[in-house]
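The block underneath contains the structure these notes are about, expressed in structure tokens.
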Amino acid sequence: MSKSWKRRTKLVHSGIRRSQYGEVAEPIFLTQGFVYDSAEAAAERFEAAGEDEFIYARYGNPTVRMFEERIAALEGAEDAFATASGMAAVNASLTSMLKAGDHVVSSRALFGSCLYILEEVLTRYGVEVSFVDGTDLDQWKAAIRPDTKAVFLETISNPTLEVIDLKAVSELAHAAGAVVIVDNVFATPVFSRAIELGADVVVYSATKHIDGQGRVLGGVVLGSKEYIRKTLEPYLKHTGGAMSPFTAWLLLKGLETLDLRVRAQTASALALAETFEGHGKLANVIFPHLASHSNYDIAKAQMEAGGTVLSLDLAGGREAAFRFLNALEIVTISNNLGDAKSIITHPATTTHQRLSQEQRDALGIGDGLVRLSVGIEDTEDLIADIAQALEAA
Ligand SMILES: *Cc1c(COP(=O)(O)O)cnc(C)c1O
């Protein structure tokens with residue numbers, strides 16, 4: 001497969017495996033297992049399976065392999081392993097490499113289920129976890145120790161969109177010999193430079209931009225061949241987090257249009273942020289590529305574009321936020337992101353409801369804050385919808 005291909009070519013052609021029929025679209029191998037020509041062939045395959053040899057769908061499947069190779073080509077990673085959901089990927093990326101007594105440093109502003117794994121699951125098995133404010137390099141410096149095995153972070157936090165300096169954190173982690181694991185959903189695979197900036201392992205929820213059409217759950221872990229095949233694969237193939245071939249097929253189709261969708265979404269997100277910054281009903285508009293953003297310099301240096309999500313802080317608190325959501329006609333109320341449809345969420349009462357008021361305050365999740373995932377609808381229609389809903393708020 002050509003390494004010199006640019007992103008959009010890789011997204012259409014990388015990883016393709018054609019059957020003897022020469023089909024145009026990627027085939028779905030909806031099969032649990034594979035037959036062997038002889039007892040000797042079975043024995044040989046169990047000893048060492050070749051490139052195009054599969055044993056059992058929990059270990060690997062041709063359609064799933066196509067998806068893994070295509071996303072690995074896009075990310076510039078040596079290898080990848082696909083999982084049933086984003087959380088299966090996050091969990092396996094950590095659990096496969098950690099044991100009791102190990103130390104992990106993580107940023108605190110995490111997707112709720114990621115926080116659960118680090119705070120509740122890993123600690124139950126004797127892993128020590130230190131949490132830091134991800135934007136404060138001094139806190140990383142103080143928390144990373146010679147025995148730190150891994151650092152975990154989301155480059156852009158949810159829903160307050162803080163941007164972490166991945167290069168600086170990676171340098172601190174690598175000086176201590178720690179593995180850098182990045183949950184990169186908000187940066188998107190299109191704008192990711194995670195490996196170039198120092199990440200050793202990159203994790204995506206494919207449910208978000210990669211599917212981008214609200215159909216399936218999926219996840220993927222990307223990294224070196226050594227990490228994927230020696231550390232991650234044995235763990236995943238025996239614990240059962242495998243991706244369904246049908247899901248992989250939908251995600252291959254999602255990848256074909258990923259770059260087009262994400263660039264259109266990102267352009268609209270910037271237009272919305274610029275249009276509504278300073279609006280009388282809003283206390284704040286948060287978008288990484290607005291000059292007013294608290295980590296603007298890092299966001300500019302690290303990201304080609306600001307991403308597909310912006311957050312709006314309604315000055316009138318929860319009541320205004322609810323009136324705003326209920327008045328929207330195009331933007332739908334849901335909790336996915338990266339979808340072709342624009343989606344809005346009130347984190348304090350939904351995705352972050354589990355947290356205490358103090359925890360929400362510490363993360364900057366106020367009662368007026370809403371998270372808007374911008375879709376591929378016409379930008380002017382979105383501006384008009386938000387404008388009329390703000391009037392109603
Ligand atoms: C959605 C999401 C996940 C979890 O992915 P699922 O596919 O829902 O399991 C993890 N991290 C981030 C940042 C997410 O947005």
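Just so you know, ligand 1 is whichever comes first in the structure, and atom 1 is the first atom listed for that ligand. This structure is a prediction, so every number in the text was calculated from the model and none was measured. Excluded from the calculations below are hydrogen atoms, water molecules and symmetry mates; all remaining heavy atoms, backbone and side chain alike, are included.
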In terms of atom number and element, which parts of ligand 1 are under 4.0 angstrom from non-hydrogen atoms of Thr207?
6 (P), 7 (O)
Just which atoms of ligand 1 are under 4.0 Å from any heavy atom in Gly86?
5 (O), 6 (P), 7 (O), 9 (O)
So which of Glu68, Glu26, Glu23, Glu69 actually passes salt bridge (Lys or Arg N to Asp or Glu O under 4.0 Å) with Arg17?
Glu69
Protein heavy-atom partner closest to atom 3 (C) of ligand 1 - residue, atom, separation in Å
Phe111 CE2, 3.3 Å
Nearest protein heavy-atom contact for atom 15 (O) of ligand 1: which residue, which atom, what distance?
Lys208 NZ, 2.7 Å
Any nitrogen or oxygen of [X], main chain or side chain, under 3.5 Å from a nitrogen or oxygen of ligand 1?
X      : result
Asp183 : yes
Met87  : yes
Leu217 : no

Is Gly218 in contact with ligand 1, taking contact as a heavy-atom separation below 4.0 Å?
yes
Establish, from distance only, whether the side-chain atoms of Thr155 and Asn184 form a donor-acceptor pair under 3.5 Å.
yes
State, without any angle test, whether Thr148 and His103 hold a side-chain donor-acceptor pair at a distance under 3.5 Å.
yes
Please indicate whether Arg8 has more than 12 foreign heavy atoms, meaning atoms of other residues, nucleotides or ligands, lying under 6.0 Å from its CZ.
no
Around atom NZ of Lys237, are there more than 12 heavy atoms from other residues, nucleotides or ligands closer than 6.0 Å?
yes
Does NZ or CZ of Lys208 lie under 6.0 Å from the centre of the six-membered ring of Phe111, at an angle within 45° of the ring axis?
yes
